[in-house]
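All residue numbers in this chain count up from 1 along the given sequence.
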Amino acid sequence: MGPELAANNQRRLLRLRCSVQHYDWGRVGPESLVGRLSAFNSRSQIQPDKPYAELWMGVHDSGPSFVVSGGDNGESSLKDWIAQNPAALGHKVFSNWGPHLPFLYKILSVAKALSIQAHPDKELAKQLHKSHPLAYKDDNHKPEMALALSEFHALSGFISLQELKDLLQNTPEIKEVVDVEDVNQLLQVNEEQKDGGLEIKSRLKSIFTQLMSASKEAAAASASNLKNRLQRESQGRELTEKENLILELERQYPGDIGVIAALFLNYVKLKPGQALCIGANEPHAYVAGECIEVMATSDNVVRAGLTPKYRDVGTLCSMLTYKQGRPEILKGFALNPYTTRYLPPFDEFEVDRCLLPGGESAVFPAVEGPSIFVIASGEGAMLTTGSSTRDAVVEGDVMLATADTEISVTAGRTELHLYRAGVNSRFLQIL
């Protein structure tokens with residue numbers, strides 16, 4: 001027997017008020033989608049000079065959501081509401097994760113590059129939380145997926161071996177902070193030779209660790225030399241997209257070692273509707289644009305560059321997998337003419353993207369787990385099967401549907417853009 005709802009007449013569709021984060025890399029005032037959505041969601045005014053970086057939808061203590069349609073008890077935290085109504089999660093979710101929402105759902109508006117970072121796996125997360133609880137505030141892993149709402153730029157994973165060799169041969173600034181012998185040995189190694197793959201990873205790890213561990217003075221000098229060289233060369237040739245990015249990063253974070261570290265990572269440009277998955281222990285940095293982001297419920301971030309925040313260089317360099325190659329871009333698959341699903345290789349979450357023309361309807365079948373819907377633009381109505389109550393929804397509204405609830409959505413006069421996050425359907429089908 002699974003947990004029971006606190007009351008048989010408990011509503012199956014709940015309206016949420018969500019938290020906003022004002023990190024300094026966020027887009028400012030009304031230029032930020034997060035700013036506009038959070039203003040609608042909380043019925044507040046946008047502060048024109050304030051950055052609006054992230055809208056959080058979930059139960060994490062660093063940015064909780066609140067139930068604003070919870071009946072006679074008034075507003076309560078979503079975390080408390082779920083603890084009192086665990087059946088809202090469904091039996092399979094409750095059995096695996098207990099009375100906890102397993103995913104954290106966000107919208108990001110990025111004006112300036114985020115830190116070069118990685119997220120720990122479960123074992124490392126527990127160790128970090130135990131040893132440094134102020135820096136790592138929970139003990140969970142944080143696999144994540146970013147789904148582009150606009151053109152979205154990111155750095156993700158290490159470049160291929162051939163690209164790495166070209167980089168080391170043509171970038172003298174790297175040799176200013178890295179042992180030349182290590183560079184030369186990597187240039188000579190071949191993937192086809194015995195244990196070549198292990199040798200490459202070992203050399204890459206050594207070089208990247210030396211780079212990230214450079215003194216502030218050495219990092220600043222090397223980054224400045226790189227900037228000056230690229231500016232000189234731009235007078236005689238057209239710089240590549242990656243080189244122009246490096247100049248922009250140096251402008252945002254002058255003298256930061258992350259400017260050079262970015263050369264080691266793949267530069268990815270997502271079009272709206274494309275998604276990027278990031279597993280544990282993989283280096284990445286979001287650079288610019290707006291996206292949906294969903295992850296396991298955690299806020300564990302190990303940073304080492306392009307940031308004024310706490311840097312844990314040793315942990316970052318030791319935890320990385322040092323896999324090389326372009327990351328996979330997810331384009332999703334159609335559920336119906338209006339809805340696309342994105343299934344990452346993580347149990348905790350999936351995302352549906354629904355672009356509904358004016359006057360049209362779409363049905364989200366009942367699933368054995370909770371769902372959170374956010375209205376990114378437009379207006380319409382949501383209805384739970386078996387209920388006569390229609391919930392009017394507009395841009396900025398966030399709704400929680402409890403497990404085993406079928407939802408029908410109808411757009412108003414204009415196109416409705418709706419995004420749903422839920423527990424990965426592969427996980428629900430397997431159990």
Side-chain angles (χ1 to χ4, degrees), residues 13 15-16 18 27 30-41 54-55 57 103 105-110 144-154 268-277 288-294 328-344 349-367 370-385 390-401 405-425:
L13 189 62
R15 194 176 298 269
L16 303 180
C18 303
R27 292 189 175 182
E31 294 181 359
S32 168
L33 175 63
V34 168
R36 299 193 300 273
L37 294 181
S38 64
F40 285 123
N41 180 263
E54 297 184 350
L55 182 70
M57 299 165 279
F103 60 86
Y105 195 19
K106 299 181 183 180
I107 295 178
L108 275 60
S109 291
V110 180
E144 62 190 27
M145 178 173 68
L147 171 59
L149 297 172
S150 66
E151 185 171 285
F152 191 76
H153 299 179
V268 179
K269 288 187 173 183
L270 300 179
K271 298 177 181 178
Q274 293 182 331
L276 177 67
C277 289
E290 292 178 312
C291 74
I292 291 283
E293 188 184 36
V294 62
E328 180 184 2
I329 304 302
L330 276 66
K331 297 182 179 180
F333 59 91
L335 296 179
N336 57 52
Y338 310 123
T339 308
T340 303
R341 172 160 294 173
Y342 301 82
L343 272 179
F349 56 85
E350 67 184 18
V351 172
D352 292 341
R353 174 185 189 240
C354 182
L355 308 182
L356 201 56
E360 296 293 333
S361 297
V363 173
F364 291 84
V367 294
S371 299
I372 294 180
F373 297 83
V374 58
I375 309 300
S377 65
E379 50 86 21
M382 299 180 70
L383 177 70
T384 60
T385 300
R390 293 170 61 89
D391 285 276
V393 290
V394 297
E395 182 177 348
D397 279 340
V398 179
M399 310 293 287
L400 172 78
T405 302
E406 184 176 88
I407 300 292
S408 176
V409 182
T410 301
R413 295 181 179 179
T414 60
E415 188 169 67
L416 176 70
H417 290 195
L418 174 148
Y419 293 82
R420 167 196 165 268
V423 176
N424 194 303
S425 54

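- Going from atom OG1 of T410 over to atom CE of M382 covers 10.0 Å, rounded to the nearest 0.5 Å.
- Residues forming a side-chain contact (heavy atoms from CB on, under 4.5 Å) with A366 (at least two apart in sequence, or on another chain): E406.
- Shortest non-hydrogen contact noted between R27 and S32 is O-CB, 3.3 Å.
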Worked verdict on D397 versus V374 for side-chain contact (heavy atoms from CB on, under 4.5 Å): CA-CA 6 Å; D397 279 340; V374 58; over 6 Å; no

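- Checked by atom type and distance alone, the side chain of S371 never pairs as donor or acceptor with a backbone atom of A401 at under 3.5 Å.
- A 4.5 Å side-chain heavy-atom check between L13 and T405 finds every atom pair outside the cut-off.
- Side-chain contact check for D391 versus L383: every heavy-atom pair is 4.5 Å or farther apart.
- Side-chain contact check for S377 and E395: no donor-acceptor pair (N or O, by modelled atom type) lies under 3.5 Å.
- A salt bridge is defined here as a Lys NZ or Arg NE, NH1 or NH2 lying under 4.0 Å from an Asp or Glu carboxylate O, and R413 with E379 fails to meet this definition.
- The side-chain contact (heavy atoms from CB on, under 4.5 Å) search around S38 returns V20, Y52, L55, not counting sequence neighbours.
- Distance CZ/F333 to CG/L343: 4.5 Å, rounded to 0.5 Å.
- Side chains of F40 and V394 form no contact here, defined as non-hydrogen atoms less than 4.5 Å apart.
- In this view, K269 and E151, H153, E241, Y267 satisfy the side-chain contact (heavy atoms from CB on, under 4.5 Å) rule, not counting sequence neighbours.
- Every residue meeting the side-chain contact (heavy atoms from CB on, under 4.5 Å) condition with A275, not counting sequence neighbours, appears here in chain and number order: M145, L147, L330, Y342.
- Among all heavy-atom pairs drawn from G378 and T414, the shortest one is CA-OG1, 4.3 Å.
- A146 and L270 get closest at one heavy-atom pair: O-CD1, 4.1 Å.
- A heavy-atom distance below 4.5 Å is found between the side chains of I329 and L276.
- The minimum heavy-atom distance between V294 and A421, with the atom names listed, is CG2-CB, 4.2 Å.
- Between the CD atom of Q274 and the NZ atom of K331 there is a distance of 6.0 Å, given to the nearest 0.5 Å.
- Between F103 and P370, the shortest heavy-atom distance links the atoms CE2-O, 4.1 Å.
- Partners of T339 according to the side-chain hydrogen bond (donor to acceptor under 3.5 Å, both in side chains) rule, which considers only residues two or more places apart in sequence or in another chain, are N336.
- Considering only heavy atoms from C-beta on, C354 comes within 4.5 Å of F364 through its side chain.
- The structure places CG of L335 at 7.5 Å from OG1 of T340, a figure rounded to the nearest 0.5 Å.
- Here the straight-line distance linking atom CE of M57 with atom CZ of F373 works out to 12.5 Å at 0.5 Å rounding.
- Remark: E31 CD to L33 CG distance equals 12.5 Å, nearest 0.5 Å.
- R341 places a side-chain heavy atom less than 4.5 Å from the side chain of S425.
- Applying the salt bridge (charged side-chain N to carboxylate O under 4.0 Å, His left out) rule to E54 yields the partners K106; only residues at least two apart in sequence or on another chain are considered.
- Counting all heavy atoms, side chain and backbone alike, R420 lies closest to Y105 at N-OH, 3.6 Å.
- Side-chain contact between I107 and L149: present, with at least one pair of heavy atoms (C-beta onward) separated by less than 4.5 Å.
- A heavy-atom distance below 4.5 Å is found between the side chains of V398 and N41.
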